[in-house]
Structures are given as structure tokens and as C-alpha cells.
Amino acid sequence: QEHYGGLNGLTVTWIGDGNNVLNSIMMSAAKLGMHLRIATPKGFEPDFRVTKIAEQYSKEYGTKLLLTTDPLEAASGANVLATDTWISMGQEEEKQERLKAFQGFQITMQTAKFAASNWAFLHCLPRKPEEVDDEVFYSPQSLVFQEAENRKWTI
């Protein structure tokens with residue numbers, strides 16, 4: 001909202017794990033007027049119950065919701081590209097399996113070519129290079145440090 005001046009009509013793309021951060025976005029995006037496009041590897045989709053609620057919210061608020069296994073399809077036309085860790089606390093033993101499953105899901109400038117011309121990047125930190133490359137993470141389109149500062153005031 002701070003960056004775009006409003007949220008209504010924006011398209012947010014999540015590329016990564018169907019985790020708790022994605023669940024929060026799914027519960028709020030439609031209510032804020034945002035379209036949501038989600039790309040997760042097979043087997044790492046968001047919780048089915050959360051997906052059903054998000055589908056209902058999307059209908060209720062007139063937004064679009066897409067779930068796919070193709071990161072570039074999800075990135076198409078996105079104003080915001082977002083991701084989070086692929087290996088959350090308690091999943092360390094799954095690291096090799098997860099890294100293999102998430103090949104092709106790293107957000108790069110190639111991914112951004114599919115996004116809207118005014119795209120921005122978000123990551124709630126800490127970030128690992130396999131999730132997003134340095135070129136995107138440190139680009140002028142990256143809002144991760146502003147995002148971190150905003151979170152500071154809510155903690």
C-alpha cells in the first residue's frame with residue numbers, strides 16, 4: 001500500500017512453499033481487493049481448508065485466485081512477486097528433498113520479465129539465495145528492507 005498508494009486491483013504472486021505466510025496472504029488478499037496467483041511445487045500446496053476459504057473470499061470480493069505449479073504462469077502480470085523460506089523451522093531434515101522439489105522456483109529477473117512493468121519484490125526474511133537471486137533481492141524493485149521496517153512497528 002505504501003509503495004503503490006493502494007491495494008485494490010493489484011496482483012500479488014506467491015512463488016514457493018504453501019506455508020503459514022501464504023496462508024495469511026490467502027486470508028487477506030481478496031478482502032483487500034487484490035488478485036492472488038500462487039505457484040507451489042506438487043505436494044507443497046497451501047492447506048486445502050485455507051484454499052477453500054480463499055476461493056470463497058475471491059468470489060465474494062470479486063478478485064481472481066490462481067493456483068498452479070508453474071512459477072512463470074503465476075508471475076504473469078504480477079505487481080508483486082513474493083516468497084518466503086522453503087525450509088521452515090522443524091523441516092531441516094527435509095532440506096535436500098525440498099531443495100530438489102523447489103528447483104525452478106527461484107525468483108530471478110527472468111521470472112520478473114513475466115511480471116507487470118511496475119513489479120516489486122517482497123520477502124519476510126531471512127532470505128536464502130535459492131529462494132531469490134541477488135539481482136532481484138538487491139534490485140531497486142526489492143522492498144524487503146521497507147517491509148522489515150514496517151514489521152518492526154507491529155512487533
Would a 4.5 Å heavy-atom cut-off, applied to side chains only, mark [X] and [Y] as touching?
X      : Y      : value
Lys100 : Glu97  : no
Tyr61  : Asn8   : no
His35  : Leu65  : no
Leu36  : Thr63  : no
Thr85  : Pro126 : no
Ser142 : Val136 : no
Glu131 : Ile107 : no
Phe105 : Asp70  : no

Cation over ring, Arg98 on Phe44, under 6.0 Å and within 45°?
no
With clusters defined by side-chain heavy atoms of hydrophobic residues (ILVMFWY) lying less than 4.5 Å apart, directly or transitively, does [Y] cluster with [X]?
X      : Y      : answer
Phe145 : Val132 : yes
Leu22  : Leu66  : no
Val21  : Val50  : yes
Leu10  : Tyr57  : yes
Ile25  : Tyr4   : yes

Is Asp84 paired with Lys128 through a side-chain N to carboxylate O contact shorter than 4.0 Å?
no
Before accepting this row, confirm whether a basic side-chain N of the pair Lys152/Glu149 lies closer than 4.0 Å to the acidic partner's carboxylate O.
no
Could you pull out the closest heavy-atom pair between [X] and [Y], with the gap in Å?
X      : Y      : result
Thr40  : Gly16  : CG2-O, 2.9 Å
Ser139 : Glu135 : CB-O, 3.1 Å
Gly104 : Pro71  : O-CG, 3.5 Å

Arg37 side chain to Val12 backbone, donor-acceptor under 3.5 Å
no
Quick one: [atom1] on [X] to [atom2] on [Y], what's the gap to the nearest 0.5 Å?
X      : Y      : atom1 : atom2 : result
Met26  : Thr51  : CE    : OG1   : 3.5 Å
His3   : Gln141 : NE2   : CD    : 8.5 Å
Asn23  : Met27  : CG    : CE    : 7.0 Å
Leu7   : Glu2   : CG    : CD    : 11.0 Å
Glu130 : Ile87  : CD    : CD1   : 5.5 Å
Leu67  : Trp14  : CG    : CH2   : 13.0 Å

What residues form a salt bridge (charged side-chain N to carboxylate O under 4.0 Å, His left out) with Arg151, not counting sequence neighbours?
none
Donor-acceptor pairs are to be reported for all side-chain atoms of residues 73-83 against protein atoms at under 3.5 Å, with residues two or more places apart or in another chain.
| from | atom 1 | to | atom 2 | distance (Å) |
| --- | --- | --- | --- | --- |
| Glu73 | OE1 | Thr68 | OG1 | 2.6 |
| Asn79 | OD1 | Thr11 | N | 2.7 |
| Asn79 | ND2 | Asn118 | OD1 | 3.1 |
| Thr83 | OG1 | Ile15 | O | 2.6 |

Who pairs with Asp47 by side-chain hydrogen bond (donor to acceptor under 3.5 Å, both in side chains), at least two apart in sequence or on another chain?
Arg49
Are more than 12 heavy atoms, taken from residues, nucleotides or ligands other than Glu92, located less than 6.0 Å from that residue's CD atom?
yes
More than 12 non-hydrogen atoms from neighbouring residues, nucleotides or ligands closer than 6.0 Å to CD on Glu93, yes or no?
no
Parallel, tilted or perpendicular: which fits the ring planes of His123 and Phe121, with parallel below 30° and perpendicular above 60°?
tilted
Over 60° means perpendicular and under 30° means parallel, so classify the ring planes of Phe102 and Trp86, tilted if in between.
parallel
Pair Thr108-Gln106, side-chain donor/acceptor within less than 3.5 Å
no
